[in-house]
Structure formats: C-alpha cells, structure tokens
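Whatever order the structure lists them in is the order used to number ligands and atoms, beginning at 1.
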Amino acid sequence: MTNNIHGIILAAGKGTRMNSSKPKVLQTLSDKSLLGHVLYIAHQVCNKVHVVYGFGGEQVQNTINDDSVNWVEQKQQLGTGHAVAQAMPHIKDDSISLVLYGDVPLIKKSTLDDLINQAQQNEVALLSVVLDNPTGYGRIIRNSEDQIQAIVEQKDCDKEQLKIREVNTGIMAVNSNLLKKYLDGLDTNNAQGELYLTDIIEAAVGDKKTIASVITNNEYEVAGVNDKAQLAELERTFQQNQAAEFMQQGLGLKDPARFDCRGSLSFGQDCEIDVNVVIEGKVTLGNNTNIAPNCIIKNTQIGNNVSILPNSVIEDAVIGDGASIGPFARIRPEANIGENAKIGNFVEVKKSTIGKGSKVSHLSYIGDTTMGENVNIGAGVITCNYDGANKYQTTIEDGAFVGSDTQLIAPITIGKNATIGAGSTITKDVPADQLALSRSKQVIMSNWKRPIKK
Ligand code: UD1
Ligand code: CA
C-alpha cells in the first residue's frame with residue numbers, strides 16, 4: 001500500500017467543437033478554466049500532478065501558471081493509452097496513478113478518495129456511471145459474478161454489448177508498476193486504430209487482478225465538455241450545487257437558479273440576496289445584509305445591516321455597517337464607505353473615503369476624496385480631480401454641506417461645517433463654518449423677446 005499518488009491529467013485534445021481560438025481546457029467555468037478545476041481537485045488528492053498537453057501547449061502552461069505541475073507533451077494524439085504512457089517515465093513504480101481529464105471539471109474529492117482507496121486495496125480501480133443513454137461511451141463488461149472483465153468502446157461493441165448502460169468514465173486509479181506493464185502491451189487492433197487506455201482492464205483481468213469499481217450517482221461529476229452548450233450546462237450545475245451549499249449554511253437566496261458566484265462568498269447570519277446577483281472574486285457579508293436584484297459585487301467586504309439596492313456595481317471596496325448603496329450606484333476600487341453612510345442613485349465613488357453618516361444621495365462623482373462624518377453632498381456635485389495630466393485630492397471635513405450642482409476643483413479642502421451655495425465652482429479652500437458661493441448674480445433682461453420663426 002502506498003500513499004504516493006500521481007495524478008495524470010489528459011489535456012491534449014484540441015476541442016474543435018468549441019469553435020474557439022482558446023484550447024478547450026482553458027474555457028472557463030465559474031472563475032476557473034476547466035483544467036484549473038481539475039488541478040484544484042488533483043492537488044488535494046495527489047502528491048504530484050502531471051498534465052499531458054498537445055495543442056496550444058504554451059498558451060495552456062502560461063495561463064495555468066502552476067509551477068508544481070509536470071507538463072508532458074504528447075506530440076501526436078494516438079489515443080488515451082498513448083497519452084497516459086507519455087507521463088509514465090516521470091512516475092515512480094511504487095505509486096498509484098490517478099487518470100483524470102482536463103475537460104471533466106466537476107469530479108469531487110470524495111469520489112477520488114474512494115477510488116484511490118480501492119486502488120490501494122486492489123491495485124486497479126475504475127470509476128463508472130450508469131447512463132440512460134450510453135451512446136458513445138466505452139461499455140463496462142461484467143461476468144456472471146458481477147466482476148469487471150473488460151471495457152469495450154462503442155465502435156467495437158457487438159449488438160448485445162451496446163445495450164449495456166454502465167459505462168467507463170475514463171477516470172481510474174492503478175498501481176503504477178502494473179500500469180506501466182499493461183501500457184507497454186497495448187496495440188492498435190481496434191476500430192479506431194488507437195492505443196486505448198481501456199484495454200489495460202482486459203490485461204489486468206488476464207493477469208488475475210480484481211478490478212475494483214466505484215460507481216458514481218452524479219452524472220455531472222464525470223461529464224466532459226466538448227462544446228459551449230455542455231459548458232453552459234455544467235456551469236449551471238456548478239452554480240446550483242454552490243447555491244444549495246450556501247443556503248444550507250443559512251444564506252437566503254430568492255431564487256437559487258438566478259444567483260451566480262464566481263469566486264468565494266462568505267456571509268454572517270440572516271443575509272438575503274435577491275435575483276440576478278453576480279458575485280466575483282472574494283466577497284464577504286456581515287450579518288443581516290441585503291442585496292437587491294441585479295447587482296454585481298467583486299472583491300468587496302460588506303459589513304452588517306447593509307442595504308445594497310438594485311442595479312449597483314461594486315468593486316474592490318469596503319462598505320461599513322448600516323450603509324445604504326444605490327439603486328444604480330457605482331462603487332469603484334479603493335472606495336471605503338463609512339458606517340451608516342448613504343450613496344444614492346447615479347453616484348460614482350472612486351478611491352475615496354466617505355465618513356460615518358455622510359450622504360451623497362444623487363447624481364454625483366466623488367473621486368480621490370477624503371470625506372469626513374455627517375457631510376451632506378447635494379445632487380449633481382462633481383469632484384474635479386483631473387486636469388488632463390494629473391489627479392488631485394479633495395478633502396471635505398466633518399459636517400460640511402455642499403450645495404447641488406457644485407464643482408470642487410481639486411486640490412481643495414472644504415473646512416468643517418462649511419457651506420457651499422448651489423451651482424458653485426469652487427477653486428479655493430473654504431474655511432470652517434463659512435459660506436462660499438461662486439455663482440454670478442441673477443439678472444432680468446426686461447426688453448428681451450423670444451425669437452420668432454421666420
Ligand atoms: C474515452 C474512453 C471511453 C470512455 C470515454 C469517457 C478510451 C479508449 N475510451 O473515450 O471508454 O467512455 O472516454 O468520456 O479511453 N486524449 C489525449 N490524447 C489522446 C487521446 C485523447 O489527451 O491521444 C484526451 C482527450 O483530450 C480527452 C480524453 O483524453 O480529454 C478522452 O479522449 P477521447 O478521444 O475523447 O476518448 P473517448 O472516445 O471519449
Ligand atoms: Ca470524449
């Protein structure tokens with residue numbers, strides 16, 4: 001018995017049916033490539049992982065960027081047996097080889113643990129699944145004692161064998177020493193003229209080995225991705241499984257079918273997420289926080305009792321306890337929204353701190369700004385932070401009131417409790433407690449007439 005597990009991930013296929021410039025295994029499901037998913041699981045159960053690549057090798061290696069992987073080239077695709085054989089020179093005899101597929105992304109750790117356990121006891125262990133429609137798959141041939149005798153590919157099956165619904169998933173765990181021996185004995189005497197990995201089963205049976213089997217009940221775990229429709233189907237499965245797990249942990253989801261998390265989400269108690277919310281990267285929610293429909297939230301830390309109102313987009317931000325964001329707010333990177341602050345509709349905040357209890361309720365742009373507590377920003381206020389070449393800082397101190405439709409030309413400081421009259425363009429610092437105005441006096445043109453159409 002060995003605890004030395006070598007993963008061999010077959011990823012040499014071109015994936016023609018994707019109709020994409022990207023190699024198939026780099027197509028993304030949730031936040032990771034297909035191969036990324038397989039590697040994530042493989043690293044959890046293997047001591048060493050080998051990836052057999054073919055098409056787009058450089059692109060695959062650069063994108064995956066995993067130094068712990070041993071990349072093995074398969075120059076010509078001569079069959080699954082040939083693919084596995086390419087990795088064998090890198091594999092120790094006294095180990096178990098676990099064969100996985102770069103385009104079968106949702107295999108579970110618990111299933112692989114079972115399979116490895118079986119291989120530790122029996123030397124050869126195969127993962128199979130029973131399908132309503134087995135067309136296209138290699139059939140599992142069992143004898144009257146229910147013992148596996150062989151795998152016969154669809155194209156090599158006779159009429160009776162075609163009726164068998166238990167099929168080979170391709171995933172197997174085999175004593176590496178035996179695997180080397182059986183791979184050496186493969187030939188291409190089959191309908192496709194390939195070196196079939198599956199033929200090692202018959203060889204092992206001939207060698208008086210018992211073939212252990214694990215049968216999975218989850219078709220999705222062993223489902224491969226060949227085209228965009230299958231990719232979308234597995235994306236849905238992934239999202240539904242994830243949503244079910246979140247709900248079990250206490251997250252309220254109005255409709256788990258209309259929730260997507262492409263990253264990691266953690267949450268306290270009594271949080272609720274309405275429909276069509278997309279979570280990306282690392283997002284955390286405190287207790288009792290609600291997210292309304294159609295929000296996109298990325299890499300953001302959100303506190304307790306927060307309301308994110310509909311159609312808000314938030315990225316790389318921190319939202320304090322009791323804050324209210326949106327509807328239609330855009331919170332950009334390095335925004336830090338203080339406790340009980342309010343960011344209303346059509347407000348954009350970038351690289352700014354908004355103090356406790358401050359309000360920016362309507363139609364504003366706040367960028368490169370440090371705002372104190374209990375500030376009130378009127379509708380349509382713009383911090384003019386950019387002169388076409390450089391960015392400048394705006395400081396608005398506690399209790400300031402900035403009238404509607406004001407432009408604050410940075411660099412500038414608005415003092416504590418200062419007031420700015422509506423419609424002002426403020427270019428100089430405003431001292432604490434003072435009123436600043438910059439608009440011109442209103443005039444009435446008494447002899448002006450509206451033009452008349454000629
Ligand atoms: C294979 C199995 C079949 C099983 C099915 C499950 C064999 C002979 N047949 O059939 O019993 O039911 O998978 O999906 O193993 N690959 C390489 N290099 C090669 C050939 C294939 O890397 O030279 C990779 C492909 O990229 C693919 C995987 O191996 O990811 C399976 O190859 P494919 O030719 O699709 O095998 P199937 O005909 O589906
Ligand atoms: Ca296949």
Does the ring of Tyr365 carry Lys350 above it, NZ/CZ under 6.0 angstrom from centre and within 45° of its axis?
->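 Judged by the rule (NZ or CZ under 6.0 Å from the ring centre, within 45° of its axis), Lys350 is not positioned above Tyr365.
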
Under a 4.0 angstrom heavy-atom cut-off, which atoms of ligand 1 come close to [X]?
{"X": "Thr80", "value": "7 (C), 8 (C), 15 (O), 20 (C), 21 (C), 29 (O), 31 (C), 32 (O)"}
{"X": "Gly13", "value": "26 (O)"}
{"X": "Gly138", "value": "3 (C), 4 (C), 11 (O), 12 (O)"}
{"X": "Asp103", "value": "30 (O)"}
{"X": "Tyr137", "value": "6 (C), 12 (O), 14 (O)"}
{"X": "Glu153", "value": "2 (C), 3 (C), 7 (C), 8 (C), 9 (N), 10 (O), 11 (O)"}
{"X": "Ala83", "value": "17 (C), 18 (N), 22 (O)"}
{"X": "Tyr101", "value": "28 (C), 29 (O)"}

Quick check: are there more than 12 heavy atoms from other residues, nucleotides or ligands sitting under 6.0 Å from NZ of Lys48?
->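 Count over threshold, so yes.
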
Got more than 12 heavy atoms from elsewhere within 6.0 Å of NZ, Lys356?
->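 Open.
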
Taking the non-hydrogen atoms of [X], is any one of them nearer than 4.0 angstrom to ligand 1?
{"X": "Gln74", "result": "yes"}
{"X": "Thr198", "result": "yes"}
{"X": "Gly102", "result": "no"}

Any ion pair linking Asp103 and Lys24 (charged N to carboxylate O, less than 4.0 Å)?
->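 So Lys24 pairs with Asp103 through a salt bridge.
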
Is Asp132 paired with Arg165 through a side-chain N to carboxylate O contact shorter than 4.0 Å?
->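 Yes, Arg165 and Asp132 are salt-bridged.
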
Taking the six-membered ring for Trp, are Phe267 and Phe246 ring centroids under 6.0 Å apart?
->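 Yes, they do, as the ring centres are separated by less than 6.0 Å.
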
Only one of Thr300, Ile343, Val349 passes side-chain contact (heavy atoms from CB on, under 4.5 Å) with Ile314; say which it is.
->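 It is Thr300; the other options fail the test.
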
Test applied, side-chain contact (heavy atoms from CB on, under 4.5 Å); reference residue, Leu34; option that passes from Leu231, Leu234, Leu26 =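 For Leu34, the side-chain contact (heavy atoms from CB on, under 4.5 Å) test succeeds with only one of Leu231, Leu234, Leu26, which is Leu231.
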
Contact check: [X] vs ligand 1, nitrogen or oxygen atoms, below 3.5 angstrom:
{"X": "Tyr196", "result": "no"}
{"X": "Val52", "result": "no"}
{"X": "Leu197", "result": "no"}
{"X": "Thr169", "result": "no"}

Any pair with a residue in residues 193-202 that passes salt bridge (charged side-chain N to carboxylate O under 4.0 Å, His left out), sequence neighbours left out, goes on the list, sorted by first then second residue, please.
->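 Of all non-adjacent pairs touching residues 193-202, none passes salt bridge (charged side-chain N to carboxylate O under 4.0 Å, His left out).
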
Tell me, which pairs form a salt bridge (charged side-chain N to carboxylate O under 4.0 Å, His left out) where one or both residues lie in residues 105-119, sequence neighbours left out?
->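 Those involving residues 105-119 are Lys109-Asp113.
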
Counting heavy atoms only, which part of Leu78 comes closer than 4.0 Å to ligand 1: side chain, backbone, both or neither?
->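 Within the 4.0 Å criterion, Leu78 contacts ligand 1 through backbone atoms alone.
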
